[in-house]
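Position 1 is the first residue of the sequence, and the numbers go up from there.
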Amino acid sequence: MILVMGHIRMKAGEAARARDVMVKHMADVGAEDGCEHYSFAFDAAEPDTIRISERWASPEALAAHGDQPHQKAFGRSLRDYAVEDVSVKAWDGQFWRTLIGD
C-alpha cells in the first residue's frame, strides 16, 4: 500500500475558484486501477489550502497514475490559478488498526 499526503496552497480566493477542476479530477483518478482513495479537501483553518489524501494498491499503480493523460492535464490546469506552494509526499505503509468506527 502506498499512502500519499500533501497540499496545494493558493492565493486568497483561488482554491474556491478551482473547486470544479478538483472535483472532476477526483472522479477521474478514483476510476483508475489501483486507486483505493483519492481526495482533495479544503482546510477549515486555511480555506485556500487544499489537502491531498491518496491510497494506492501498489507502487506500480501510483506510477501508472502519474502517466495518465488526465493527471498531466490536471498539472497543466493548475497554471490557471495563483498557486503559492505544492508539496506531495508518498509513504509505503500497511494497515495497523482502526482507531474509531468501523
Next item on the list: Can you see which heavy atom on G30 is nearest to which on C35, and at what distance?
Entry: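 It is CA-SG, 4.0 Å.
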If two hydrophobic side chains count as joined below 4.5 Å and joins carry through other members, does [X] share a cluster with [Y]?
{"X": "F74", "Y": "M26", "result": "yes"}
{"X": "F42", "Y": "I8", "result": "yes"}
{"X": "V88", "Y": "L78", "result": "yes"}

Item checked: Which residues share a salt bridge (charged side-chain N to carboxylate O under 4.0 Å, His left out) with D48, sequence neighbours left out ->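 Result, salt bridge (charged side-chain N to carboxylate O under 4.0 Å, His left out) vs D48: none returned.
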Next item on the list: Check salt bridge (charged side-chain N to carboxylate O under 4.0 Å, His left out) between R19 and all other residues, then give those that pass, not counting sequence neighbours.
Entry: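 Applying salt bridge (charged side-chain N to carboxylate O under 4.0 Å, His left out) to R19 gives none.
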Please tabulate, for side-chain N and O atoms in residues 50-61, each donor-acceptor pair with protein atoms closer than 3.5 Å (sequence neighbours left out).
residue, atom, partner, partner atom, Å
R51, NE, D43, OD2, 2.9
R51, NH2, D43, OD2, 2.9
S53, OG, H37, NE2, 3.1
E54, OE1, W56, NE1, 2.8
R55, NE, E36, OE1, 3.0
S58, OG, E60, N, 3.4
S58, OG, E60, OE1, 3.3
S58, OG, A61, N, 3.0

Margin query: Suppose we screen for side chain to side chain donor-acceptor pair (under 3.5 Å). Which residues come up paired with K24, at least two apart in sequence or across chains?
Written below: D28
Checklist line | M5 side, atom CE; S39 side, atom OG - distance, nearest 0.5 Å | finding: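 Separation between the atoms: 10.5 Å.
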Check: In Å, rounded to the nearest 0.5 Å, how long is the span from CD of E46 to CE of M10?
Finding: 14.0 Å
Next item on the list: Decide side-chain contact (heavy atoms from CB on, under 4.5 Å) for Q68 and E32; before the verdict, give the C-alpha distance in whole Å, the side-chain angles of both, and the deciding distance to 0.1 Å.
Entry: CA-CA 9 Å; Q68 294 295 318; E32 291 180 34; 3.7 Å; yes
Below 3.5 Å, can you tabulate the donor-acceptor pairs from side chains in residues 90-101 to any protein atom, sequence neighbours excluded?
none

Notebook entry, point to check: Under 4.0 Å between a Lys/Arg side-chain N and an Asp/Glu carboxylate O for K11 and E14?
Noted result: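 Here K11 does not pair with E14 in a salt bridge, since their nearest N and O are not under 4.0 Å apart.
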Checklist line | CA sep, side-chain torsions, deciding dist, call: F40, Y38, ring-ring contact (aromatic ring centres under 6.0 Å, His included) | finding: CA-CA 7 Å; F40 294 125; Y38 193 92; 5.4 Å; yes
Please tabulate, for the side chains in residues 79-86, all donor-acceptor contacts under 3.5 angstrom to protein atoms that are two or more places apart in sequence or on a different chain.
residue, atom, partner, partner atom, Å
D85, OD2, H7, NE2, 2.6
D85, OD2, R9, NH1, 3.1

